[in-house]
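Quick notes on the structure that follows.
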Amino acid sequence: MPRRVMLQGAEPGAQVPAHLTSVPIWLIGTDTDCSNKTATGKVVHKGPLVSLASHSFILKAVIQEEDSSRSASINVVLIGELAEDFSRAVNQGDVVVVSGFSVGKSPTVHKDGLHPFNLLLSGDAACVYVSPPTPPPPPPLPPPIPSSSSPPDAPRSSPAKKRSSTLPAEVSRTTQAPKYTYSCLGDLQDGSVVNVYGVVVFFKQPFKSRGTDFCSTLKITDQSEQKIACTVFRDKLEDHPQIFRVGDIVRLHRVKVKMFKDSMTLINTFGFSVLAFDGAEGDPVEPRTSSRSFHLDQEDRRTVEELRTWAASRGLLLPTTPLCAARPKDYFDLTCQLLAKAPMDTTCTLLRVWDGTRCAHPQLKVIVERSAVEGPTSFSAARERLIADVLVYDNHAESARQLKPGDFLRIYNLRAIPGASRAAGPPPGGRAEEDASHLGFHLHGGTAFSRGIRVLPENSPAVQDLKRVMEAVPQEDEDDFSEMNDSQLLEVWSTPPQSPEAEAMEVSSGVCVSERSCGHDVSPRSLSEVKRLHPGGVHHVRVQLRSYEPVRLHQALKLHCSKQDVPDDELVASLFSEASKDPGPCAAPPWALSGQVLVPGDSAASPGRSLSVLLSTDFLCEDTKRELIFLSGATLEETCRLAAGYRHVVPVRSSGGHMTLLDLSAPFLLRGRKRSYGCKRCSQVAVREPLFPEGLVRINEKLVAEALGVEPLQFVLLMKMKLQDASDALDVFLWRGAESFFGVAAEDLAANQEAQDGVRQTMDLLCPAGGSTAERPWMDLCLTAYRGEDEGGRPQTCYQIQHSAVTRPP
């Protein structure tokens, strides 16, 4: 092979013959004239040298064009002696210029997502020019300090040894940093190879696949609200995404989009890399990766911060549960430290862990031979009360054998089993206390629900929080510790206790709670249990409010008949303004008298103006003339001023010389601050003479609506809430039971500022803005499950809060 190695630091192609011209990789095709043409790229993959039956060789490599904004990559197939020489002389990272090639279709384009064509090099005309990567320059040497015995102009001796030219990792990362383009998850196209950012909403720890690789799966989302699954196959565990919990953020490079069962999936391709970040706002933007050569600039950090803020607003970052908040039958994630472990048999391992808090329930204690324990075999009585015995089974028992005492762990989908010794039988190799009231902790086999164990690095924010809790535990005085309040430790965790003592603490502190008013005789359930049951039942739950929508109260008020939102003042004002600009002539009907009314101005400089009104002849006496007027040509502001003095104001306009109502998007009746709306679908509007019962002293909305042919809409309050407990989170609706929940009528909310302030204060208590989870009270609620449909018409189970009311302790 005519190999020509350029000098270090020379530009690629410096020794290429002048009659050859370069062609961009992305322009190469079967119709390309390859004579006297070259292609230049960096060797990003170099395959093995394969011997053929004809005593020849073949080698496949991938080169990537670095100077192009398209970052095009193409397969290069070398045959014969050229392949043998390439294998010896060229290394990954070298920049090569190839000439004398032909172009053929790539049979792997749908698999690797690279260029649709290959470069084929064989025969005497093929040639490869190689430029090894330029080594980093050595750091500058400090000037030597002249000897006191040497004159200032004396020649300086050269140093005896040269300094190392190895640069720190951070320097090597930032040299010649590539520019990456990232795709929104909502814009992915089948078959494309992309780079993406996303917030993790589901993940599984890596597990052994049927082949030689480990497999990990996750599902991510971003501001597009699109959820995309991702499958990663890598032979080394450290090359998989280092995800610690739901809400973490990942950056995926070079993943291919594929359609699978009518949904998009991302699959790692050649050159795949991944970074993971903690999803909590305010934490340092430190990537988790095993790679030593990754690029991270300010734009990347800004993207991570934006995703953190967005994920926090959606409640995607789920907290872990400390031991003191564990309840019977719950599944939860536990962050803890391993103190000791012992093998029970080939399918079960005992882990003795603690997190600085004390379980509120008596615990199952597993007794094993002291000789089988790795780590301390005994602890003080105070410390023993804080330790939980966790039994891990099947595939997790094998991975648990690799753990070391002192490791910080996160155990996913750990189950708290009441009467565990009787439910599961005594663990093999040991015995357990025989008391059905005791709580045992089991990690079952399999990978469902992200089940598994992960070792956390000591510099992770979760471990730092855990250490602060542990440091608050007294080391000597057991009596002082036994009287400690777990809520003090939980402030560090930002996770509230889930025990009767915690409820008593909340009530005594005056925090808002709730109570059920139903007569259902059902036992309380966790949210994870509720979600597993079929629709049609009633459930009692104890939960917190994680988030709710809409945040603006006026958007929660609905007009029930057509399920339309209450129009905002801007829309209503525009309808009044349009009608007032050109009122037009409006002949008074026979049953009404026309007149003028003075609308007071908003200041002395604006004395007001006169507007046309119509008054029914039935209301001419002194006692009733202010009961009902028809007002035309007024703006919304003027109409509201008149409504303060007249009990019933009907806004009208002229249509063809006759009086008619405004569009029913505007209120058809104003009574003080209250506005009444009509249904466009059900109303048959006709401004007729009001016919009221004989002897009627006062009229009401219903009578006016009947006279105008309007079907009035009813105000209802509709909110969507996300509830949470230690086991899961659940979306529920507050609708039919909203008035009893807040203790106020929806109609009053539409007009009464005091009622609106009361609801806002209640929501601020249930879900304080920017507050920790520990500050949120627990609510005892009654939920009704029923069958509904989503926006796509697919069946789903819906939940509604009923028979529940927010109360404030006296």
**Prompt:** Taking atom OG1 of Thr321 and atom CG of Leu334, what is their separation to the nearest 0.5 Å?
**Reply:**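 Answer rounded to 0.5 Å: 8.5 Å.
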
**Prompt:** So do Ile801 and Phe741 actually touch side chain to side chain, heavy atoms under 4.5 Å?
**Reply:** yes

Quick one: list whatever passes salt bridge (Lys or Arg N to Asp or Glu O under 4.0 Å) with [X], sequence neighbours left out.
X	answer
Lys720	none
Arg251	Asp300
Asp728	Lys531
Asp764	none

**Message:** If you apply the rule ring pair (Phe, Tyr, Trp, His ring centres under 6.0 Å), what do you find for His803 with His520, and how did you get there?
**Reply:** CA-CA 10 Å; His803 310 297; His520 303 126; 5.7 Å; yes

Could you tell me whether the side chains of [X] and [Y] share a donor-acceptor contact shorter than 3.5 Å?
X	Y	answer
Arg546	Gln724	yes
Arg736	Gln802	no
Gln337	Trp354	yes

**Message:** Applying salt bridge (charged side-chain N to carboxylate O under 4.0 Å, His left out) as the test, list every pair that has at least one member in residues 391-415; sequence neighbours left out.
**Reply:** none

**Message:** I need the full list of salt bridge (charged side-chain N to carboxylate O under 4.0 Å, His left out) pairs touching residues 304-324, with sequence neighbours left out, sorted by first then second residue.
**Reply:**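 Residue pairs with at least one partner in residues 304-324: Glu225-Arg314, Glu305-Arg308.
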
Pairing residues for [X] by the side-chain contact (heavy atoms from CB on, under 4.5 Å) criterion, not counting sequence neighbours:
X	answer
Thr797	Pro535, Ala785, Arg787, Tyr799
Ser209	Asp213, Cys215, Phe233
Thr447	Lys204, Phe207, Asn395
Arg301	Val285, Leu296, Gln298

**Item:** More than 12 heavy atoms from other groups under 6.0 Å of CZ on Arg525
**Value:**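 Open: at most 12 neighbouring heavy atoms sit under 6.0 Å from CZ of Arg525.
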
**Message:** Glu515: which residues meet the side chain to side chain donor-acceptor pair (under 3.5 Å) condition with it, sequence neighbours left out?
**Reply:** none

**Item:** Lys219 side chain vs Val200 backbone, donor-acceptor pair below 3.5 Å
**Value:**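 Checked: no pair found.
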
**Prompt:** Should Lys467 and Glu458 count as an ion pair when the cut-off is N to O under 4.0 Å?
**Reply:** yes

**Asked** According to the side-chain hydrogen bond (donor to acceptor under 3.5 Å, both in side chains) rule, which pairs have a member within residues 230-247, sequence neighbours left out?
**Response**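 For residues 230-247: Ser216-His240, Asp239-Ser290.
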
**Request:** Please state whether the rings of Phe203 and Tyr412 are parallel, tilted or perpendicular, taking 30° and 60° as the class boundaries.
**Result:** perpendicular

**Asked** In a check of side chain to side chain contact (heavy atoms under 4.5 Å, CB included) between Tyr197 and each of Ile249, Leu185, Asp222, which one passes?
**Response** Ile249

